[in-house]
Undergrad: 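My questions will all concern the structure given below.
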Amino acid sequence: GYSDYDMDSLYAVTNDPANPLDISYYYANSQDKTIAAALSELFLAYQIGAYIDEYGVMRFLSLSNILNNGSNSQITIS
């Protein structure tokens, strides 16, 4: 489980210009789903990753954050 969530990474993911979110509303039945299941369903559609760090804080990454992890590795196909 988790005890908190990182609002800064959630804001960064939802305002990522490389992957804009177009959501007017979202409905989830709380009788059938946990918050983690509802977020997983929503994040799957927008390619957002969520993970729990070693302090129990849920953090969020967009696909562009995952692909641009700071490494300068290159693949050359010849």
Side-chain angles (χ1 to χ4, degrees):
Y2 63 96
S3 58
D4 199 3
Y5 65 96
D6 180 28
M7 185 65 182
D8 293 332
S9 66
L10 181 60
Y11 180 81
V13 164
T14 57
N15 291 298
D16 184 5
N19 191 16
L21 297 179
D22 184 23
I23 301 174
S24 299
Y25 61 93
Y26 176 76
Y27 173 79
N29 185 353
S30 64
Q31 299 297 319
D32 297 335
K33 292 184 183 178
T34 63
I35 186 69
L39 286 175
S40 176
E41 184 178 293
L42 182 62
F43 288 173
L44 180 64
Y46 288 98
Q47 299 179 343
I48 297 172
Y51 66 96
I52 310 299
D53 70 5
E54 65 272 12
Y55 302 107
V57 178
M58 182 180 275
R59 301 195 182 273
F60 308 94
L61 293 170
S62 67
L63 183 60
S64 61
N65 293 132
I66 294 168
L67 295 177
N68 297 325
N69 63 4
S71 66
N72 292 329
S73 59
Q74 285 186 327
I75 298 173
T76 305
I77 299 173
S78 52

Undergrad: From Leu67 CG over to Leu61 CG, what is the distance, rounded to the nearest 0.5 angstrom?
TA: 10.5 Å

Undergrad: May I have the step-by-step check of side chain to side chain contact (heavy atoms under 4.5 Å, CB included) for Leu21 and Ile48, ending in yes or no?
TA: CA-CA 11 Å; Leu21 297 179; Ile48 297 172; 4.2 Å; yes

Undergrad: Side-chain contact test, heavy atoms from C-beta onward, threshold under 4.5 Å: evaluate it for Tyr55 versus Asp4 and give yes or no.
TA: no

Undergrad: Under 4.5 Å between side-chain heavy atoms, counting indirect links through other Ile/Leu/Val/Met/Phe/Trp/Tyr residues: same cluster for Tyr5 and Leu44 or not?
TA: no

Undergrad: With side-chain contact (heavy atoms from CB on, under 4.5 Å) as the test, pick out the partner of Met58 among Asp53, Leu39, Leu10, Ile35.
TA: Leu39

Undergrad: For Phe60 and Ser9, work out which heavy atoms get closest and say how close.
TA: N-OG, 3.2 Å

Undergrad: What about Tyr51 and Tyr11, same hydrophobic cluster or not, with Ile/Leu/Val/Met/Phe/Trp/Tyr joined at side-chain heavy-atom distances under 4.5 Å?
TA: no

Undergrad: For Glu54, look at atom CD and say whether over 12 heavy atoms of other residues, nucleotides or ligands are found less than 6.0 Å away.
TA: yes

Undergrad: Indicate the atoms forming the closest heavy-atom contact of Val13 with Ser62, along with that distance.
TA: CG2-N, 3.5 Å

